[in-house]
Trainee: 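Just dropping this structure here.
Naming: A, B, ... by sequence-line order, numbering from 1 per chain.
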Amino acid sequence: MLEIQYIRQNPEDVISRLAVKNIDATALINETLKLDEEKRRLQMALEELLARINNSSKEIGDLYKSGKKQEADKLKAETASWKTELSKLESDAKNAERNLFDKLVLLPNLPHKSVPSGKTPDQNEVVREEGAKPPLGEDCLPHWELAKKYKLIDFETGVKITGAGFPVYTGKGARLQRALINFFLDKAVTAGYTEIEPPILVNEETGYGTGQLPDKEGQMYFAGQDNLYLIPTAEVPITNIYRDSIIDEETLPIKNCGYTPCFRREAGSYGKDVRGLNRLHQFDKVEIVQIQHPDKSYIALEEMRDYVAGILRELELPFRILKLCGGDMSFASALTYDLEVFSGAQKRWLEVSSVSNFETFQANRMKLRLKKGKDKPRLAHTLNGSALALPRIVASLLENNQTAEGIRIPKALIPYTGFGLIG
RNA sequence: GGAGAGAUGGCAGAGCGGUUGAAUGCACCUGAUUCGAAAUCAGGAGUACCUUCACGGGUAUCAGGGGUUCGAAUCCCUUUCUCUCCGCCA
């Protein structure tokens with residue numbers, strides 16, 4: 001959530017930066033400012049009345065103590081007569097606050113100054129491209145064929161057990177999943193991240209803290225009986241660890257990582273996007289999360305991006321890094337890099353990681369603050385990135401490394417799989 | 001799931017419905033003493049919002065929400081959570 005103080009002081013800046021996300025916020029901002037004024041006006045009136053009542057009550061107490069019962073009773077009656085005014089002011093003030101809040105939660109985060117404008121994914125900026133695309137023959141197979149051929153993934157049985165988008169991994173396919181998870185976690189821990197195993201069901205406050213709620217609840221599975229949501233990413237529980245807390249700046253940066261399954265309803269997806277492993281309802285992912293000082297968050301963002309690139313390099317996958325344009329960025333992000341691997345048989349780029357700086361957007365919702373000595377607490381910056389999401393890594397691993405003998409496992413992964421070839 | 005007990009500041013722990021934002025202890029910060037330190041003494045110290053050029057002032061906050069009252073940490077209702085006992089169970 002944007003800070004109202006900032007909007008109040010820099011409405012022009014807010015409007016022009018939201019324009020980069022292709023949002024004309026002029027009307028919304030004007031309305032927000034009006035509601036903010038209204039809220040403060042009512043708050044002042046209410047607090048003034050409360051102060052009068054407090055004073056009066058104190059006086060009544062003193063009068064009783066000194067035995068002046070008559071005067072006390074008189075003042076009591078007078079004070080009681082303010083009650084109708086009080087309840088009206090209370091409900092008005094509450095409504096005004098509610099109205100303001102309802103507007104504020106609709107506003108997406110402001111994009112960083114360097115974010116390119118643009119409406120669609122093809123206007124994202126290619127930061128760089130690395131690795132050679134595999135020289136596959138005409139007879140190369142897409143990963144879903146390979147998965148079937150080598151009995152690695154059973155999509156049909158997944159449909160039987162649960163539904164589309166819930167594959168069953170078998171044999172070396174399952175082993176490959178486990179290998180990748182361990183590989184990613186080991187990498188992250190070596191890079192200084194603390195491993196976390198969080199809950200994968202979260203409550204409403206948690207969903208709100210990272211920005212999934214109230215807007216995108218249709219994207220999450222919901223366990224209605226207990227009012228809990230299945231997490232769409234480990235970012236949600238791992239960042240919310242610090243909800244409602246004030247962290248000593250000395251302890252920064254906080255770097256956490258965690259493996260979790262992720263659940264996404266993906267309502268509205270169709271066609272080649274959902275073929276095979278391209279888009280699933282349940283998938284595995286290792287996530288990295290940082291809590292950073294505002295002055296250092298953009299350095300950290302680049303480090304995280306380069307860290308993820310390093311893993312892709314070790315996996316010998318051709319990849320490219322994109323800086324997302326305003327129109328392709330998520331609601332909460334100020335700057336996002338996507339990392340995509342090239343999937344040789346499908347001949348398309350697949351997003352395997354998204355690394356974002358949320359600046360104070362999540363921290364403001366979560367009341368996650370930093371404190372240095374006696375200074376006033378200030379909001380922290382939060383960042384996260386996938387490192388990495390498994391399905392599309394597996395897709396490109398299978399497709400790019402197919403040979404006549406079988407599927408070659410990259411060297412770095414062999415200690416984890418225990419085999420170098422799927423034949 | 002059933003029965004009971006409880007939730008107070010960073011922690012521990014008081015708190016007859018009326019100067020209780022809250023005693024006390026520990027921890028913490030500042031100053032005095034000291035060559036320095038320990039000990040001792042004096043003082044300070046939560047968070048959020050509103051207001052003020054500023055000094056300052058106001059409101060809220062004793063798990064969350066609602067109620068009674070001129071006035072609630074204190075009384076009532078409710079939700080959540082914790083603990084103890086029973087049941088069930090990886």
Side-chain angles (χ1 to χ4, degrees), chain A residues 1-9 32-105 197 199-209 213-214 223-229 237 240-251 254 261 360-380:
Chain A
M1 190 156 68
L2 298 178
E3 294 164 77
I4 183 64
Q5 293 89 341
Y6 187 82
I7 301 175
R8 208 184 285 152
Q9 284 157 23
T32 303
L33 290 174
K34 205 174 288 170
L35 290 170
D36 174 48
E37 223 170 290
E38 175 78 353
K39 179 229 150 197
R40 283 185 291 157
R41 187 178 66 76
L42 287 164
Q43 185 182 347
M44 273 191 275
L46 172 64
E47 288 182 356
E48 198 212 336
L49 179 58
L50 284 171
R52 262 162 62 205
I53 293 173
N54 284 344
N55 274 329
S56 186
S57 299
K58 222 170 266 180
E59 215 174 308
I60 291 167
D62 291 340
L63 288 173
Y64 272 124
K65 238 181 234 173
S66 52
K68 298 175 184 160
K69 189 160 183 317
Q70 299 263 305
E71 283 177 59
D73 287 341
K74 193 176 158 218
L75 188 54
K76 205 197 246 187
E78 192 193 340
T79 309
S81 74
W82 300 340
K83 278 306 180 80
T84 44
E85 191 190 353
L86 176 67
S87 61
K88 177 163 167 33
L89 269 175
E90 267 174 347
S91 72
D92 286 356
K94 196 180 256 186
N95 282 338
E97 196 169 351
R98 180 83 227 168
N99 291 339
L100 175 62
F101 178 82
D102 287 348
K103 283 284 174 294
L104 282 174
V105 283
E197 186 184 309
I200 60 178
L201 280 111
V202 295
N203 59 29
E204 201 178 325
E205 294 77 53
T206 296
Y208 170 76
L213 297 176
Q225 212 150 35
D226 296 288
N227 255 290
L228 297 172
Y229 296 85
N240 271 280
I241 290 173
Y242 306 96
R243 176 154 49 86
D244 287 318
S245 56
I246 298 177
I247 297 169
D248 188 342
E249 280 189 13
E250 301 290 314
T251 64
I254 290 172
T360 59
F361 194 81
Q362 293 181 330
N364 191 31
R365 294 179 154 230
M366 278 192 276
K367 300 195 187 357
L368 161 52
R369 285 101 89 216
L370 304 174
K371 187 162 179 155
K372 184 181 180 186
K374 287 195 167 170
D375 295 355
K376 262 193 77 120
R378 63 193 294 196
L379 293 171

Trainee: To the nearest 0.5 Å, what is the distance between CG on A:D248 and CG on A:L370?
Mentor: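 CG of A:L370 is found 9.0 Å from CG of A:D248.
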Trainee: Just how far, in rounded Å, is P of B:rA45 from CG of A:D375?
Mentor: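 For the pair A:D375 CG and B:rA45 P, the rounded distance is 17 Å.
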Trainee: P atom, B:rC11 versus B:rU47: distance in rounded Å?
Mentor: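 Those two atoms are separated by 14 Å.
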Trainee: Give a yes or no on this: more than 12 heavy atoms of other residues, nucleotides or ligands lie within 6.0 Å of atom CD of A:E48.
Mentor: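 For A:E48, atom CD is not crowded (no more than 12 foreign heavy atoms under 6.0 Å).
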Trainee: Mind running salt bridge (charged side-chain N to carboxylate O under 4.0 Å, His left out) on A:R41 and A:E38 for me, showing each step along the way?
Mentor: CA-CA 5 Å; A:R41 187 178 66 76; A:E38 175 78 353; 3.4 Å; yes
Trainee: For nucleotides B:rG9 and B:rG21, find the distance between their C1' atoms and express it as a whole number of Å.
Mentor: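 After rounding to an integer number of Å, I get 9 Å for this pair.
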Trainee: Rounded to whole Å, please give me the gap between NZ in A:K83 and P in B:rU69.
Mentor: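 Atom NZ in A:K83 sits about 7 Å away from atom P in B:rU69.
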Trainee: Check the distance between B:rU20's P and A:K58's NZ and give it to me in whole angstrom.
Mentor: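 Rounded to whole Å, this separation is 9 Å.
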Trainee: List the residues meeting salt bridge (charged side-chain N to carboxylate O under 4.0 Å, His left out) with A:R98, not counting sequence neighbours, and say none if there are none.
Mentor: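 Salt bridge (charged side-chain N to carboxylate O under 4.0 Å, His left out) check on A:R98 returns A:D102.
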Trainee: Give a yes/no on whether any side-chain N or O of A:N54 is located under 4.0 angstrom from OP1 or OP2 of B:rG58.
Mentor: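 Looking at the OP1 and OP2 atoms of B:rG58, neither is under 4.0 Å from any side-chain N or O of A:N54.
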Trainee: State, yes or no, whether a side-chain contact exists between A:N240 and A:V202 at a heavy-atom distance under 4.5 Å.
Mentor: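 Sidechains of A:V202 and A:N240: no contact.
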Trainee: I need the CD1-C1' distance between A:I60 and B:rU19, as an integer number of Å.
Mentor: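 Going from CD1 in A:I60 over to C1' in B:rU19 covers 15 Å.
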Trainee: According to side chain to side chain contact (heavy atoms under 4.5 Å, CB included), who are the partners of A:Q43, at least two apart in sequence or on a separate chain?
Mentor: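 Counting only residues at least two positions away or on another chain, A:Q43 forms a side chain to side chain contact (heavy atoms under 4.5 Å, CB included) with A:K39, A:E47.
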Trainee: Are A:T206 and A:Y229 side-chain neighbours, meaning at least one heavy-atom pair lies under 4.5 Å?
Mentor: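 Not touching, per the 4.5 Å side-chain cut-off.
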Trainee: Listed by chain and number, what are the salt bridge (charged side-chain N to carboxylate O under 4.0 Å, His left out) partners of A:R243, not counting sequence neighbours?
Mentor: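 With sequence neighbours excluded, A:R243 shows a salt bridge (charged side-chain N to carboxylate O under 4.0 Å, His left out) to no residue whatsoever.
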Trainee: If you measure from the C1' atom in B:rG4 to the same atom in B:rG87, how many Å do you get, rounded?
Mentor: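 That atom pair is separated by 15 Å.
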Trainee: What's the spacing between A:K376 NZ and A:K371 NZ if we round to 0.5 Å?
Mentor: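 Between A:K376 NZ and A:K371 NZ, I get 9.5 Å after rounding to 0.5 Å.
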Trainee: For RNA chain B, what residues of residues 75-82 of chain A have any heavy atom nearer than 4.0 Å?
Mentor: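 Within this stretch, A:K76, A:T79, A:A80 sit under 4.0 Å of the strand.
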Trainee: A:S57 and A:N54: side-chain donor and acceptor closer than 3.5 Å?
Mentor: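 A:N54 and A:S57 do not have a side-chain donor-acceptor pair below 3.5 Å.
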Trainee: Does A:K371 have a side-chain nitrogen or oxygen under 4.0 Å from the phosphate oxygens OP1 or OP2 of B:rU47?
Mentor: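 A:K371 to B:rU47 OP1/OP2: side-chain N or O found under 4.0 Å.
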Trainee: Distance between the C1' atoms of B:rA14 and B:rG1, in whole angstroms?
Mentor: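 Between the two C1' atoms, the distance is 37 Å.
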Trainee: Return yes if some donor-acceptor pair links the side-chain N/O of A:R369 with the main-chain N/O of A:K367 below 3.5 Å, else return no.
Mentor: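 Flag set: sc A:R369 to bb A:K367 pair under 3.5 Å.
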Trainee: State, without any angle test, whether A:Y64 and A:D73 hold a side-chain donor-acceptor pair at a distance under 3.5 Å.
Mentor: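 Yes.
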Trainee: Do A:E97 and A:L100 touch side chain to side chain, with heavy atoms closer than 4.5 Å?
Mentor: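 SC-SC contact between A:E97 and A:L100 ruled out.
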Trainee: Anything under 3.5 Å between a protein N or O and an N or O of nucleotides 87-89 of chain B, put it in a table, one pair a line.
Mentor:
none

Trainee: Please measure how far the C1' atom in B:rU8 lies from the corresponding atom in B:rU20, and state the result in whole Å.
Mentor: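 Between the two C1' atoms, the distance is 12 Å.
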Trainee: Would you tabulate the pairs of protein nitrogen or oxygen atoms and nucleotide nitrogen or oxygen atoms of nucleotides 64-67 of chain B closer than 3.5 angstrom?
Mentor:
unit_1, atom_1, unit_2, atom_2, d
B:rG66, OP1, A:K94, NZ, 2.7

Trainee: Determine whether A:I7 and A:D36 make a side-chain contact, defined as any pair of heavy atoms from C-beta on separated by less than 4.5 Å.
Mentor: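 With C-beta onward as the side chain, the pair stays apart.
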Trainee: Can you tell me, in whole Å, how much space there is between the P of B:rU59 and that of B:rG43?
Mentor: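 Result for the P pair: 26 Å, nearest Å.
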Trainee: Take the protein atom CG of A:D248 and the nucleotide atom P of B:rC28, then report the distance between them rounded to whole Å.
Mentor: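 These atoms are roughly 14 Å apart.
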Trainee: Give the C-alpha distance, both sets of side-chain angles, the deciding distance and a yes or no for side-chain contact (heavy atoms from CB on, under 4.5 Å) between A:R365 and A:V105.
Mentor: CA-CA 9 Å; A:R365 294 179 154 230; A:V105 283; 4.1 Å; yes
Trainee: Who passes side chain to side chain contact (heavy atoms under 4.5 Å, CB included) against A:K372, sequence neighbours left out?
Mentor: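 So A:K372 forms a side chain to side chain contact (heavy atoms under 4.5 Å, CB included) with A:E249, A:D375.
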Trainee: Which residue pairs pass the side chain to side chain donor-acceptor pair (under 3.5 Å) test when at least one of the two sits in residues 83-93 of chain A, sequence neighbours left out?
Mentor: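 Passing the test, one end in residues 83-93 of chain A: A:K88-A:D92.
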Trainee: Sticking with atom P, work out how far B:rA23 lies from B:rG46, rounded to a whole angstrom.
Mentor: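 So the two P atoms sit 12 Å from each other.
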Trainee: CD1 of A:I247 versus P of B:rG10: gap in Å, rounded?
Mentor: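 Nearest whole value for this atom pair: 15 Å.
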Trainee: Under 3.5 Å for both pairing distances: what stems, at least three Watson-Crick or G-U pairs long, include RNA chain B?
Mentor: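 Counting only runs of 3 or more consecutive pairs, the stems involving RNA chain B are B:1-7 with B:80-86, B:10-12 with B:24-26, B:28-32 with B:40-44, B:46-51 with B:56-61, B:63-67 with B:75-79.
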Trainee: Apply side chain to side chain contact (heavy atoms under 4.5 Å, CB included) to A:E3 and list each qualifying residue two or more places apart in sequence or on a separate chain.
Mentor: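 Partners of A:E3 by the side chain to side chain contact (heavy atoms under 4.5 Å, CB included) criterion, ordered by chain and then number, come out as A:Q5, A:Y6, A:T360, A:N364, A:L379.
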Trainee: Dump every N/O contact between nucleotides 75-82 of chain B and the protein below 3.5 Å, one line per pair.
Mentor:
none

Trainee: Should A:L368 and A:Q362 count as side-chain neighbours, where that means a heavy-atom distance under 4.5 Å?
Mentor: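 A:L368 vs A:Q362: side chains apart.
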Trainee: From CG of A:D244 over to C1' of B:rU61, roughly how many Å is that when rounded to an integer?
Mentor: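 Nearest whole value for this atom pair: 13 Å.
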Trainee: Distance check, P atoms only: B:rG18 and B:rG25, in whole angstrom units.
Mentor: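 It comes out at 24 Å once rounded to the nearest Å.
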Trainee: Taking NZ from A:K69 and P from B:rC70, how many angstroms apart are they, rounded to a whole number?
Mentor: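 The distance from NZ of A:K69 to P of B:rC70 comes to 13 Å, rounded to the nearest Å.
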Trainee: Going 5' to 3' along nucleotides 48-57 of chain B, which nucleotides have protein heavy atoms under 4.0 Å from the base (write B), which only from the sugar-phosphate (write S), and which from neither (write -)?
Mentor: SBSS------
Trainee: Heavy-atom distance under 4.5 Å between the side chains of A:I200 and A:P237, does that happen here?
Mentor: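 They are not in contact (no side-chain heavy atoms under 4.5 Å apart), so the answer is no.
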